[in-house]
Amino acid sequence: MTSTMPNERNEERRRRVLLGPLPAGFLRADGTSDTLDADYQAALALQQQLCGGTLPAAGPPLTARLSVTIAQAKLVKNYGLTRMDPYVRLRVGHCIYETHTDPSGGKTPRWNKVIHCLLPPGVSTIYLEIFDECSFTMDELIAWTHITIPPAVLNGETHEDWYPLNGKQGDGVEGMINLVLSYSVGPAAVAAFPPVLVVPSTGMGYATMPMYPAPHQQLVLPQQVPQQPPQPQQQPITAEQLQQIEEMFPSIDKEVIKSVLEANRGNKDATINSLLQMSE
């Protein structure tokens, strides 16, 4: 009796199992048009969910843009024997931008400069500095401040305000700067002005390299894989090459020249152009 019970259970299991050839589509993804359409629609739905809005099925990628109008400033002190020549340096995420210099702007400089820049995901503050441009010495840092982007701006409103500045006089008492902030979403190709080349100017530890924004993460749909531009090859940097450039720019620090040459991947002509712009 004990030996027949397992055999009976095995026979019962065999009767429940499907016998014979398997169906043609069993465990097979044949890539039919219905499957591809379903995958495409799923990708679009995920894209809309990530971006919080409805996107067209085709067209250029969209990215967030922050427009900052740097209007004017009122400073409490003029440092130096003559009227200062102030300009503003703005950092948003990994990008740094600059205004033009207001000659003899002194304590009441005016720029009225509009800067359109990328706003990377997760960035909610901007950092701003005011420098006095000097002809024979390093530019002097006058004032600085961290500004939190108002939530109303991210909701599409235009916001204007005066922001307190920090400096030698103390936190929030170096003066005020007038800014106008606005936010929009548009094509990435026209999203921002190019960032500037930042070099050490006051010993504050700025990186001597081109500053580029963090890459914008985007869901790539089928048949929409972007082409990556070829990267320039690193050229060898020789002592003779470095010495020639140093002789051409005796007023620029040797470490700065070396850093600019490394940032341009050993390209001598590009390095000379960058140093010429710095010398202007």
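Note that this is a predicted model, so its numbers are computed, not measured.
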- About how many Å separate CD of Gln243 and CE of Met248, when rounded to the nearest 0.5 Å? 13.0 Å

- Which atom of Pro86 lies closest to which atom of Gly106, heavy atoms considered: CG-O, 3.7 Å

- Query: When clusters are formed by joining ILVMFWY residues with side-chain heavy atoms under 4.5 Å apart, either directly or through shared neighbours, do Val180 and Leu90 land in the same one?
  - Reply: no

- Task: Look only at the side chain of Asn166 and the backbone of Gly170, and say whether a donor-acceptor pair between them is shorter than 3.5 Å.
- Result: no

- Task: Can you see which heavy atom on Glu247 is nearest to which on Pro250, and at what distance?
- Result: O-CD, 3.6 Å

- Query: So which heavy atom on His100 is nearest to which on Arg110, and how close?
  - Reply: NE2-O, 4.4 Å

- Message: With no hydrogens and no angle check, just 3.5 Å: does a side-chain donor-acceptor pair link Asp139 and Tyr87?
- Response: yes

- Item | Six-ring centre of Phe131, Arg89 cation under 6.0 angstrom, axis tolerance 45° | yes

- Item | Nearest-0.5 Å distance that lies between atom CD1 in Ile126 and atom SG in Cys117 | 7.5 Å

- Task: For the residue pair Leu181 and Pro150, establish whether any side-chain heavy-atom pair is separated by less than 4.5 Å.
- Result: yes

- Message: Measuring only between side-chain heavy atoms, which start at C-beta, is Leu119 closer than 4.5 Å to Ile149?
- Response: yes

- Message: To the nearest 0.5 Å, what is the distance between NZ on Lys74 and NZ on Lys107?
- Response: 12.0 Å

- Task: Check whether any side-chain heavy atom of Val68 lies under 4.5 Å from a side-chain heavy atom of Val114, and answer yes or no.
- Result: no

- Verify the cluster assignment for Val76 and Ile142: are they in a single hydrophobic cluster under the rule of side-chain heavy atoms below 4.5 Å apart? no

- Task: State yes or no: do Met176 and Tyr79 share one hydrophobic cluster built from I, L, V, M, F, W and Y residues joined by side-chain heavy-atom distances below 4.5 Å, directly or via other members?
- Result: no

- Item | Ser104 (side chain) donor-acceptor with Arg83 (main chain) under 3.5 angstrom | no

- Query: Mind checking whether Trp144 and Trp162 sit in one hydrophobic cluster, side chains of I, L, V, M, F, W, Y counted as touching below 4.5 Å?
  - Reply: no

- Query: Can Thr125 and His146 be counted as having a side-chain donor-acceptor contact under 3.5 angstrom?
  - Reply: no

- Query: About how many Å separate NZ of Lys113 and CG of Asp102, when rounded to the nearest 0.5 Å?
  - Reply: 13.5 Å

- Message: So, taking the atom named OG1 in Thr101 and the one named CH2 in Trp111, what distance separates them when rounded to the nearest 0.5 Å?
- Response: 9.5 Å

- Message: Are Leu66 and Val153 packed together at the side-chain level, in the sense that at least one heavy-atom pair is separated by less than 4.5 angstrom?
- Response: yes

- Item | Gap between atom CG of Leu179 and atom CD of Gln72 - 0.5 Å precision | 10.5 Å

- Check: Asp132 side chain, Met84 main-chain N or O, donor-acceptor pair, under 3.5 Å: no

- Check step by step if salt bridge (charged side-chain N to carboxylate O under 4.0 Å, His left out) holds for Lys168 and Glu140. CA-CA 12 Å; Lys168 297 179 181 179; Glu140 181 180 0; 2.8 Å; yes

- Heavy-atom distance under 4.5 Å between the side chains of Val185 and Arg65, does that happen here? no

- Query: Taking side chain as C-beta onward, heavy atoms only, is Ile177 less than 4.5 Å from Ile70?
  - Reply: yes

- Do you know which two heavy atoms are closest between Thr145 and Pro164, and how far apart they sit? OG1-O, 3.2 Å

- Message: Would Leu242 and Ile257 count as a side-chain contact (heavy atoms from CB on, under 4.5 Å) here? Give the steps.
- Response: CA-CA 8 Å; Leu242 185 59; Ile257 294 177; 4.1 Å; yes

- Which heavy-atom pair separates Ile130 from Ala73 by the least distance, and what is that distance? CD1-CB, 4.2 Å

- Side chain to side chain, Glu129 and Leu141, heavy atoms closer than 4.5 Å: yes

- Message: Side chains of Asn178 and Tyr163, heavy atoms from C-beta outward: is any pair under 4.5 Å?
- Response: no

